[in-house]
Amino acid sequence: MFTVIIIFIFNLLPTTFAADDYKTIRVRITMDPANIKTASIKLNGDYMLSTAPELVLPQGDYTVAVEPDNANLRLKGQGIDQVIGPDATFVRLKYSSSTVSTLSIKNTVYKDHYVSVNDYLDYLGNMRFHISSGNILITNHIPLEQYLYGVVSAEMGNWAEKYIEALKAQAVCARGYAIRKIQASTSKDFDIGDRSNEQAYVGFKSNYTNVIGAVDGTKGQVVTYGGSIAQTYYAASNGGQTEWISNVWGASDASYPYIVQKDDPYDVKNTSSWTEEFFVPKAVEESDYKALVSDEVSEYIVRITTETSNLNVRSGPTTDYEIIGKAGPDEIFEWVSTDEQTGWHKIKYPKDGGLVEGYVSNNYSEKVLNGHFIYSDPVLKDLQTRAYENMKGSYDVTAATQIKIITITSLVNGQPRWSNEGSRSFVTAKAELILQYEKPDKSLSDPVTVKDVTIDLMNKNDDDKYVYSHHYLNANLRMRGVRAASRDGIEGFEVTNARFGHGIGMSQRGAQQMAVEGKTYQEILSFYYVGTKLTTFETSVPELPNRGTAPSTTPVPTVASTTLKIQANSITGVSEKTEVSVFMSGLKVTNGTASLVTAANKAKISGAVGTGDVVHIKDPTGKITKSYTVVIYGDTNGDGAITIADLLKVQRHLLDVSKLPGVYSSAADVSKDNAVTIADLLRIQRHLLDVSKIAQ
């Protein structure tokens with residue numbers, strides 16, 4: 001039985017690319033709404049239009065709109081009204097002012113973000129507008145280092161100076177992720193999106209000086225392991241323990257040896273880490289947590305849920321009605337009805353020696369099934385309900401509210417969230433209780449002990465998968481359990497709920513605490529990514545061009561092919577056993593030359609082209625301006641042919657015996673669905689049997 005491992009393609013490609021590839025990144029800007037015919041922008045500085053470089057663009061407001069024929073864009077504003085073609089880029093130029101020139105876009109998906117001004121976000125870099133399916137797509141072509149300003153701003157904000165080392169750690173993580181996305185990009189239009197499912201990116205704020213300092217202070221640095229860029233996953237808070245990647249996403253831990261499960265004391269010490277704690281005393285009946293006693297005779301009652309203040313009782317179901325009295329915390333009233341429009345509860349309210357009808361807000365009250373013993377604490381209410389489930393059929397009880405909890409003898413963690421040992425995430429807790437219950441004659445029973453009372457800390461959905469939604473635990477937190485505790489000298493237990501995010505890799509709150517305690521960003525990264533080191537890539541920000549001058553005097557080489565498929569960073573469409581001479585003749589390079597090297601960077605002039613070989617494109621000065629890695633689908637060992645050896649390599653990969661590294665895993669994805677699965681193994685087998693050949 002093969003284990004099917006789903007691996008995102010950006011985890012698969014190698015890091016053997018020319019340094020220049022990482023200086024600029026193409027970011028797709030998401031608009032709200034997503035499909036637009038018109039974009040409103042502001043030019044705050046000096047810009048040139050790629051399709052009309054002679055056009056002077058004064059600063060101010062403009063619109064870029066799709067023409068009625070859906071074939072061209074029209075630019076309007078500052079006395080300009082002209083068609084600029086179907087694809088035009090605003091090129092950022094050197095600006096004589098002391099301020100930084102930016103292009104602002106209105107109504108991006110982050111228009112309500114705290115960095116926006118009047119629904120506009122500012123961006124550095126060049127901004128491309130082009131038509132796709134009748135709508136405008138916007139892509140920010142921006143130096144990688146400047147892109148990181150907008151990522152760190154989104155992920156952490158402009159934290160105070162005392163947190164600068166945490167900001168630096170975030171910058172290093174974000175840089176590595178971005179470079180991996182550039183390496184893996186197969187799109188002709190963009191490398192990465194701006195949403196949080198990749199990396200949130202909110203443009204540029206010049207007053208975010210700590211963010212800028214953190215990025216600049218780590219220029220080019222990424223976390224590496226074994227010579228490759230590490231997957232530096234991070235989340236807001238881990239609840240005091242980092243998690244195995246296999247637990248959360250099912251990936252092989254062996255593929256990420258630097259991501260481990262370990263205690264994180266820094267996350268716990270940070271008071272900004274989001275946690276929930278529900279305390280219950282051992283001696284319930286001797287505490288303020290004891291049950292409320294209801295003498296109402298109605299089927300339902302309304303309990304006031306305010307903790308300290310009184311709640312207004314009004315003559316009608318909104319705050320527009322007069323106040324007829326007050327209801328204190330945990331008071332109980334007979335329920336009459338619930339208003340369908342406002343949700344307010346109508347109750348029988350004692351007034352002037354009688355009962356009158358009044359209304360209370362459903363935000364501060366709850367309708368519950370009546371019974372003799374009512375618990376306001378959600379854990380005690382849960383234990384009461386579960387105890388009833390254990391007791392019915394063996395005791396003369398017909399409702400949970402007949403049960404009064406005297407003592408919680410024990411409350412311990414039950415079933416772990418995951419099967420491997422060590423994780424402090426649990427899906428159940430077990431209690432032993434001493435109870436009394438109301439008998440049919442309304443008298444109380446003698447105390448009885450009920451064991452194995454189980455409460456659910458997580459629930460399952462219809463697909464039998466655990467979900468975080470819960471009737472009293474916050475669904476945004478993911479690590480749940482119980483522990484012994486005391487409050488104000490009272491011994492008891494706490495149901496805990498922590499971990500805001502997946503818990504894999506770096507905790508942003510933990511990093512923040514480490515920075516406060518004087519740890520450097522190198523120490524922060526070393527703590528969260530075990531056995532890694534920092535490696536510096538060439539990511540210098542290219543110099544801005546002057547108006548009327550080209551960014552470079554050297555022609556930029558371009559490559560095309562009528563027989564091969566030129567992707568963003570790879571070349572596919574190569575038949576197996578293709579000779580080097582035939583392969584190279586299929587490349588048409590303008591303003592430069594092409595050379596082929598092996599994965600070990602040795603010149604290759606003969607033999608068959610194989611997966612992992614690299615094509616270097618050079619300008620007339622001999623400088624490498626672009627590199628493409630060869631991918632032959634099915635050739636997983638790089639010899640250029642698809643053989644039984646490749647089949648066995650994929651089999652060992654799926655069985656986690658020996659993982660295919662980098663581009664060779666990409667070659668194993670013969671179905672091109674961004675995953676290496678048993679289906680790919682079968683397709684290679686069918687290819688070898690001449691049943692169905694693999695399409696390149």
Side-chain angles (χ1 to χ4, degrees), residues 235-243 261-292 303 305-309 329-330 364 366 375-387 405 407-418 422-433 453-459 466-503 507-510 512-513:
S237 171
N238 59 34
Q241 183 185 50
T242 61
E243 196 55 81
Q261 185 187 78
K262 63 190 292 190
D263 288 343
D264 183 359
Y266 305 104
D267 184 280
V268 176
K269 283 193 281 186
N270 191 330
T271 56
S272 296
S273 293
W274 190 3
T275 62
E276 281 187 324
E277 298 167 347
F278 293 87
F279 177 80
V280 289
K282 284 186 176 182
V284 178
E285 192 58 21
E286 298 175 9
S287 72
D288 293 337
Y289 291 76
K290 65 182 180 181
L292 304 172
R303 183 181 72 85
T305 58
T306 56
E307 294 183 359
T308 56
S309 59
D330 283 329
Y364 307 101
E366 64 173 350
Y375 287 100
S376 57
D377 181 89
V379 178
L380 290 174
K381 187 186 302 183
D382 203 357
L383 288 169
Q384 182 190 46
T385 301
R386 297 299 183 171
I405 302 173
T407 304
I408 303 174
T409 307
S410 66
L411 182 61
V412 296
N413 289 311
Q415 180 184 339
R417 172 69 177 84
W418 295 289
S423 175
R424 295 201 296 273
S425 183
F426 295 86
V427 298
T428 64
K430 284 191 173 184
E432 180 179 304
L433 307 176
V453 177
T454 301
I455 60 174
D456 292 327
L457 303 180
M458 292 185 192
N459 302 305
Y466 284 109
V467 294
Y468 301 110
S469 57
H470 194 272
H471 54 296
Y472 57 87
L473 297 175
N474 191 303
N476 291 306
L477 303 178
R478 305 184 180 188
M479 188 169 75
R480 295 164 185 178
V482 298
R483 64 191 178 199
S486 64
R487 287 192 186 179
D488 301 324
I490 300 174
E491 294 300 315
F493 308 93
E494 283 178 342
V495 175
T496 62
N497 192 21
R499 185 175 286 169
F500 188 38
H502 48 65
S507 159
Q508 292 171 318
R509 292 304 182 189
Q512 191 182 49
Q513 183 67 26

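Basis for what follows: all heavy atoms, side chains included, without hydrogens, waters or symmetry-related copies. The structure displayed is predicted, hence computed values, not measured ones.
Other residues, nucleotides and ligands contribute over 12 non-hydrogen atoms within 6.0 Å of the NZ atom of Lys269. More than 12 heavy-atom neighbours from other residues, nucleotides or ligands sit within 6.0 angstrom of CZ on Phe279. Environment of CG in Asn459: crowded, with over 12 heavy atoms of neighbouring residues, nucleotides or ligands closer than 6.0 Å.
For the side chain to side chain contact (heavy atoms under 4.5 Å, CB included) with Arg424, the qualifying choice from Asp263, Thr496, Asn413 is Asp263, the only one to do so. Tested against Arg386 for a side chain to side chain contact (heavy atoms under 4.5 Å, CB included), the candidates Thr454, Leu433, Val453 yield a single pass: Val453.
Minimum interatomic distance between Tyr468 and Arg478 (heavy atoms only, all atoms of both residues): CE2-CB, 3.6 Å. The nearest pair of heavy atoms linking Tyr472 to Val379 is CE1-CG2, 3.9 Å. Contact detail for Leu383 and Ala431: the closest heavy-atom pair is CD2-CB, 3.8 Å. The minimum heavy-atom distance linking Asn474 with Arg480 is given by the pair O-NH2, 3.1 Å. Smallest separation of non-hydrogen atoms from Pro281 and Ile490: CB-CG2, 3.7 Å. The two atoms that bring Ala429 and Val482 nearest to each other are CB-CG1, 3.7 Å, heavy atoms only.
To the nearest 0.5 Å, atom CZ of residue Arg499 and atom CG of residue Leu477 are 10.5 Å apart. For the atom pair OG of Ser410 and CZ of Phe493, the computed distance is 6.0 Å after rounding to the nearest 0.5 Å. To the nearest 0.5 Å, atom CG of residue Leu457 and atom CE of residue Met479 are 12.0 Å apart. Of the inter-residue distances, the one linking Leu380 atom CG with Ser287 atom OG reads 7.5 Å to the nearest 0.5 angstrom. The CG atom of Asn476 sits 4.0 Å away from atom CH2 of Trp274, with the distance rounded to the nearest 0.5 Å. In this structure, Lys290 NZ and Ser376 OG are separated by 12.0 Å, a value rounded to the nearest 0.5 Å.
The main-chain N or O of Ala475 is never found under 3.5 Å from a side-chain atom of Ser469 such that the two would form a donor-acceptor pair. Proximity of a side-chain donor or acceptor of His470 to a complementary backbone N or O of Asp456 within less than 3.5 Å is detected. Remark: side-chain polar atoms of Asn238 are paired, donor with acceptor, to backbone N or O of Gly240 under 3.5 angstrom. At distances below 3.5 Å, at least one donor-acceptor pair connects side-chain atoms of Tyr375 with backbone N or O atoms of Ile405. When atom types are taken as modelled, the side chain of Thr428 and the backbone of Ile455 share no donor-acceptor pair closer than 3.5 angstrom. Judged purely by atom type and a 3.5 angstrom limit, Asn497 has no side-chain atom pairing as donor or acceptor with the backbone of Leu473. No donor-acceptor pair under 3.5 Å is formed between the side chain of Gln512 and the backbone N or O of Asn270. In this structure, Gln241 contributes its side chain and Gly422 its backbone to a donor-acceptor pair below 3.5 Å.
Here Lys381 pairs with Glu366 in a salt bridge; the nearest charged N to carboxylate O distance falls below 4.0 Å.
At a cut-off of 3.5 Å, with distance as the only test, a side-chain donor of Ser237 or Asp267 sits close to an acceptor on the other residue.
The closest side-chain heavy-atom distance from Glu285 to Thr407 is not below 4.5 Å. Within the 4.5 Å cutoff, the side chain of His471 has no heavy atoms near those of the Pro378 side chain. Residues Thr306 and Tyr364 meet the side-chain proximity criterion, which asks for heavy atoms closer than 4.5 Å. Between Gln513 and Ser507 the shortest side-chain heavy-atom distance does not fall below 4.5 Å. Inter-residue side-chain proximity for Trp418 and Glu243 is flagged as met; some heavy-atom pair is nearer than 4.5 Å.
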Exercise for the section: Verify side chain to side chain contact (heavy atoms under 4.5 Å, CB included) between Arg487 and Glu277, making sure each step is shown before the conclusion. Expected result: CA-CA 11 Å; Arg487 287 192 186 179; Glu277 298 167 347; 3.7 Å; yes
